[in-house]
Every structure is written in C-alpha cells, then in structure tokens.
Asker: 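One structure coming up, written as structure tokens, with questions to follow.
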Amino acid sequence: GWDSPVGAFDVGCDFPAYTISGAVRDAEGLPIAGVSMLGLSGNVVTDTAGYYSCLASAGWPLQVTPQLAGHAFTPPRRDYGIPDQDHYDQDYIGRVTHVYHVPTDSPTLAVAIASAASGDSILVAPGTYAGPGFRDLDPGTKNLVIIGEDGPATTILDLGGAGRAFSIT
C-alpha cells in the first residue's frame, strides 16, 4: 500500500499499488531497449538491459501492451483485470517485423502469407491477380496487414468465379 499525507487535512490514505515488472528480449535473449509499455502509468520504457518496472494502482483495470516501431511482441498484450497483487517477471519476446512485397518478394499472396509471421505486412503492387496463389487464402491465426500499395481501385483479386479471396476465422 501507499500511505502519504494528502488533502487539506494532511491525512494519509491507504492506496494500494502493485509492482508490474519484467524484461523484453529477442528470440536469442538479447535485450530490446526503448519499448514503450503502454497502459502503465507514466512513460514506462524498457532500459538498455530491456527491463521495465512500474507501480500500478489497485482499483483500475490494467492492460499492458509493448510497442516499438517495426516490432511485434509475444504476447501482444497482457490483461491484469484489477490488480490485487504484484506481477514480477512479466516478460515479452520481441522480433523485428517484415514487409513482403507481392509480386517482387513473393510471387503470390499465398507464398507471402505462408512466409509471414504475426505482425508482418504484405503490400500488393497494382494489378489484377488471378489463379491458385490468389484465392482461398487463409492466414490462420496470424495477425497480418495486407494492403494494395496504391489502394483497392488498382489492386484486384480476380477469382474467375472459383473459390473465395480469403477465409478468415
């Protein structure tokens, strides 16, 4: 708890706070510095050793989401509900995200989706695309961004009356 004088009568209050802390590392165990830990009070950012720590106020729902441009994290966030205890060793694994270009890097959307991991992006060049690699696409549980580089008016998936463009569950 936290007991400090507050208010006009200089009266203490019992305001519980709990520690949320951990580390952010890459798959090889190396620290990732500069990761913003969104949801924690103040500007909580991992230090050069990849560590973060903060006091979380009891009585308020808490969700912590690591964020660093060009990175994806596992888990992508943690929900604590209303904290009622300390949470140490709340570690995350980060990785650099990739952008796949169709058809330059990957000949089809199916190949790009198979190569991509959650957090990656797939950019499709303007054109009309048809055939097996451009229909019945299923990213599974991957969290991907798939965008026509110049917008939907110039990037077309022509199914030719067969199948679906995407199956998303």
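All values derive from a computational prediction rather than experimental measurement.
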Asker: Under the criterion side chain to side chain contact (heavy atoms under 4.5 Å, CB included), which of Thr19, Leu55, Leu62 is the partner of Pro83?
Answerer: Leu62
Asker: If you take all heavy atoms of Ser118 and Ala72, which pair is closest and at what distance?
Answerer: O-CB, 3.8 Å
Asker: If you compare all heavy atoms of Ile93 against all heavy atoms of Ala27, which two are closest, and at what distance to 0.1 Å?
Answerer: CG2-N, 4.1 Å
Asker: Under a 3.5 Å distance rule, please check whether Arg78 uses its side chain to pair with a backbone N or O of Asp91 as donor and acceptor.
Answerer: yes
Asker: Do Met37 and Val24 come within less than 4.5 Å of each other through their side chains, counting heavy atoms only?
Answerer: yes
Asker: Would you compute the distance between atom OG of Ser21 and atom NE2 of His87 and round it to the nearest 0.5 angstrom?
Answerer: 10.5 Å
Asker: Hey, does the side chain of Asp79 reach the backbone of Gly81 with a donor-acceptor pair shorter than 3.5 angstrom?
Answerer: no
Asker: Please round to the nearest 0.5 Å and tell me the distance separating atom CG of Leu109 and atom CG of Leu137.
Answerer: 5.5 Å
Asker: Could you go through Val99 and Asp105, starting from their C-alpha distance and side-chain angles, then the distance that decides it, and tell me whether this counts as side chain to side chain contact (heavy atoms under 4.5 Å, CB included)?
Answerer: CA-CA 9 Å; Val99 176; Asp105 301 331; over 6 Å; no
Asker: Any side-chain heavy atom of Tyr52 sitting closer than 4.5 Å to one from Ile20?
Answerer: yes
Asker: Looking only at atom types and distance, does a side-chain atom of Asp120 sit under 3.5 Å from a main-chain N or O of His98, one as donor and one as acceptor?
Answerer: yes
Asker: Working to the nearest 0.5 Å, report the span between CD of Gln63 and CG of Leu40.
Answerer: 11.0 Å
Asker: Tell me, do Tyr92 and Val35 make a side-chain contact under 4.5 Å, heavy atoms counted?
Answerer: no
Asker: Atom CZ in Arg25, atom OH in Tyr51: separation rounded to 0.5 Å?
Answerer: 4.0 Å
Asker: Among Ile156, Thr155, Leu157, find the one that has a side chain to side chain contact (heavy atoms under 4.5 Å, CB included) with Thr128.
Answerer: Ile156
Asker: How many angstroms lie between CD1 in Ile168 and OG1 in Thr141, if you round to the nearest 0.5 Å?
Answerer: 12.5 Å
Asker: Test side chain to side chain contact (heavy atoms under 4.5 Å, CB included) on Tyr129 and Val124; report intermediate values, then the result.
Answerer: CA-CA 10 Å; Tyr129 299 92; Val124 184; 3.4 Å; yes
Asker: Can you see which heavy atom on Ser167 is nearest to which on Asp138, and at what distance?
Answerer: O-OD1, 3.2 Å
Asker: Could you grab the distance from atom OG of Ser121 to atom CG of Leu144, nearest 0.5 Å is fine?
Answerer: 8.0 Å
Asker: Shortest non-hydrogen contact from Ser36 to Val45?
Answerer: OG-CG2, 4.2 Å
Asker: Minimum heavy-atom separation for Phe166 and Ile146, please, with both atom names.
Answerer: CE2-CD1, 3.8 Å
Asker: On a heavy-atom basis, which atom in Tyr100 and which in Ala112 lie closest, and how many Å separate them?
Answerer: CB-CB, 4.3 Å
Asker: Is it true that Val145 and Leu123 fall in one hydrophobic cluster, defined by side-chain heavy atoms closer than 4.5 Å?
Answerer: yes
Asker: Got Ile32 and Arg95 here, is their nearest side-chain heavy-atom distance under 4.5 Å?
Answerer: no
Asker: I'd like to know whether His71 forms a side chain to side chain contact (heavy atoms under 4.5 Å, CB included) with Val96, so could you lay out the CA-CA distance, the side-chain angles of the two residues, the decisive distance to 0.1 Å, and finally the verdict.
Answerer: CA-CA 4 Å; His71 287 73; Val96 175; 3.8 Å; yes
